[in-house]
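Positions are given from 1, in the same order as the sequence printed here. Bear in mind that the values here come from a model prediction, so they are computed numbers and not experimental data.
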Amino acid sequence: MSAKLAVAVIGANGRLGRFACELLRGSSEFELVAAYGRGDDWGASIGASGARVAFEATVAGQGARHGLALLGVGVRPLIATSGVTAAENEELDRAARERGLGGLVVPNFSLGSILMQLFAVQAAKHFAEAEIVEGHHPRKKDAPSGTALETARRMAIARGDDPECREPGREPARGERVGGTTIHSLRLSGLYAHQEVVLAGPGETLTLRHDMSGPAAFAPGIAAALRYAARCDGVARGLELALFA
Ligand SMILES: NC(=O)c1ccc[n+]([C@@H]2O[C@H](COP(=O)([O-])OP(=O)(O)OC[C@H]3O[C@@H](n4cnc5c(N)ncnc54)[C@H](OP(=O)(O)O)[C@@H]3O)[C@@H](O)[C@H]2O)c1
């Protein structure tokens, strides 16, 4: 029998981190070798933990800094945290390649979510107008969600618009415009994670909708992404690389 893939979790006391720890503890393929919460000096000990890959799920905006620190100690980052920019992703890629390492940035581990994004990208080539309505539980700290931003940016690239262009909605109650797509964020206690992309052309609309009711939807994507991060060169972005490459 081949050895299990050794994985550390950073942000192990958070919602996603706890789920990842449970998944790894119950797995015959992966071994949880270290779990770090806020305040733990993981930079000092993770290199010696035996972890080949670190699952990073902390605070939006911190993922790239943590990823670079992990690469610095020879551990491959799988960054789940929202907010890694394209420029940061390139920096991570360069740093990994310089060290002969790899990793992956995955804004959303759900299969349904990535399929919805891929379908939205196809549709964006044919429909000039689009808006996204995303809904999450009120404990979510960032808005719009990383998935909504990623969807809007991918659609902008498909249409030839600037994916990094962010501006307030044209009217105060009309969301934030990202790469030409307006995003509306709902934060309500009855919601878990939901996204609707509504595309429109003359006389018609096309609605793509994805709903998650719990973290179980992340499990196959996390497993595929860990396997991919353990073997790839450089740090790319997107679950589709792990699922379909
Ligand atoms: N890729 C995906 O599919 C996916 C899915 C869900 C969520 N996310 C993203 O993943 C991130 C975490 O989400 P969540 O819902 O788990 O958030 P959460 O419940 O707030 O958990 C984050 C955890 O990270 C801890 N933390 C903060 N800084 C840390 C550090 N330097 N070292 C170790 N731990 C640290 C926090 O501690 P404190 O509580 O003390 O601050 C908290 O326990 C967010 O950016 C979220 O948007 C991604």
Side-chain angles (χ1 to χ4, degrees), residues 15-16 19-20 23 57 60 80-84 105-161 163-225 237-244:
R15 287 179 294 269
L16 183 59
F19 177 75
L23 186 73
T81 296
S82 302
V84 177
V105 175
V106 177
N108 195 316
F109 287 103
S110 122
L111 176 63
S113 171
I114 191 65
L115 286 173
M116 189 197 58
Q117 285 182 47
L118 297 176
F119 297 150
V121 165
Q122 289 306 311
K125 295 174 188 162
H126 304 285
F127 290 101
E129 296 168 55
E131 302 206 2
I132 295 174
V133 184
E134 57 96 346
H136 286 83
H137 52 83
R139 299 175 309 284
K140 184 168 179 61
K141 290 178 182 141
D142 52 323
S145 71
T147 298
L149 285 173
E150 186 79 5
T151 309
R153 287 184 174 135
R154 287 173 179 226
M155 290 165 68
I157 292 167
R159 284 191 302 250
D161 290 336
E164 298 307 323
C165 175
R166 290 181 70 162
E167 50 190 340
R170 289 179 178 142
E171 296 160 39
R174 296 269 296 129
E176 177 180 352
R177 280 174 67 78
V178 177
T181 296
T182 301
I183 305 178
H184 309 264
S185 296
L186 312 178
R187 295 291 177 264
L188 295 167
S189 55
L191 298 176
Y192 187 78
H194 314 262
Q195 180 165 297
E196 201 166 274
V197 182
V198 185
L199 300 113
E204 62 180 334
T205 60
L206 170 66
T207 302
L208 303 168
R209 184 174 173 92
H210 176 248
D211 295 287
M212 264 186 66
S213 52
F218 293 139
I222 291 176
R237 183 189 195 88
L239 183 63
E240 66 269 39
L241 286 165
L243 290 173
F244 312 130

Could you tell me the separation between the CZ atom of F127 and the OG1 atom of T205, rounded to the nearest 0.5 Å?
8.0 Å

Looking at I183 and A152, what are the two nearest heavy atoms and their distance?
CD1-CB, 4.0 Å

Answer yes or no: is there a donor N or O on one side and an acceptor on the other, between the side chain of R159 and the main chain of G179, under 3.5 Å?
yes

When rounded to the nearest 0.5 angstrom, what is the spacing between OG1 in T182 and CZ in R177?
4.5 Å

Spatial distance of atom OG (S113) from atom CD (E150) [nearest 0.5 Å]:
9.5 Å

Smallest heavy-atom separation, L16 atom then A57 atom, equals CD2-CB, 3.9 Å

Do the side chains of F109 and P215 get nearer than 4.5 Å, heavy atoms only?
no

Applying side-chain contact (heavy atoms from CB on, under 4.5 Å) to T151 and M155, what does each step give before you reach the verdict?
CA-CA 6 Å; T151 309; M155 290 165 68; 3.8 Å; yes

Scan side-chain atoms only and decide if S145 and H136 contain a donor-acceptor pair under the 3.5 Å cut-off.
no

Looking only at heavy atoms, what is the nearest atom pair of A242 and A224, with distance?
CB-O, 3.6 Å

Quick one: does R166's side chain get under 4.5 Å of R153's, heavy atoms only?
yes

Less than 4.5 Å apart, any side-chain heavy atom of Q117 and any of H210?
no

Which class fits the ring pair F19 and F218: parallel under 30°, tilted 30 to 60°, perpendicular over 60°?
perpendicular

What are the two closest heavy atoms between M212 and G214, and how far apart are they?
CE-O, 3.0 Å

dist M116:CE -> I132:CD1 (nearest 0.5 Å) comes out at 7.0 Å

Result for side chain to side chain contact (heavy atoms under 4.5 Å, CB included) between L239 and one of V105, N108, I114 points to I114

Should the heavy atoms of other residues, nucleotides or ligands under 6.0 Å from CZ of R170 be counted, would the total exceed 12?
no

Assess whether a salt bridge exists between E240 and R154, defined as any Lys/Arg side-chain N lying under 4.0 Å from an Asp/Glu carboxylate O.
yes

Where do L149 and P144 come nearest, in terms of heavy atoms and distance?
CD2-CG, 3.8 Å

How many angstroms lie between atom OG of S110 and atom CD1 of I222, to the nearest 0.5 angstrom?
11.0 Å

Give, for atom OG1 of T181 and atom CG of L199, the distance between the pair rounded to the nearest 0.5 Å.
8.0 Å

side-chain contact (heavy atoms from CB on, under 4.5 Å) between V133 and V198, worked out
CA-CA 8 Å; V133 184; V198 185; 5.6 Å; no

Taking side-chain hydrogen bond (donor to acceptor under 3.5 Å, both in side chains) as the criterion, tell me which of H194, Q195, R187 meets it with E134.
R187

Identify the two heavy atoms, one from L206 and one from A123, that lie closest to each other, and give their separation to 0.1 Å.
CD2-CB, 3.8 Å

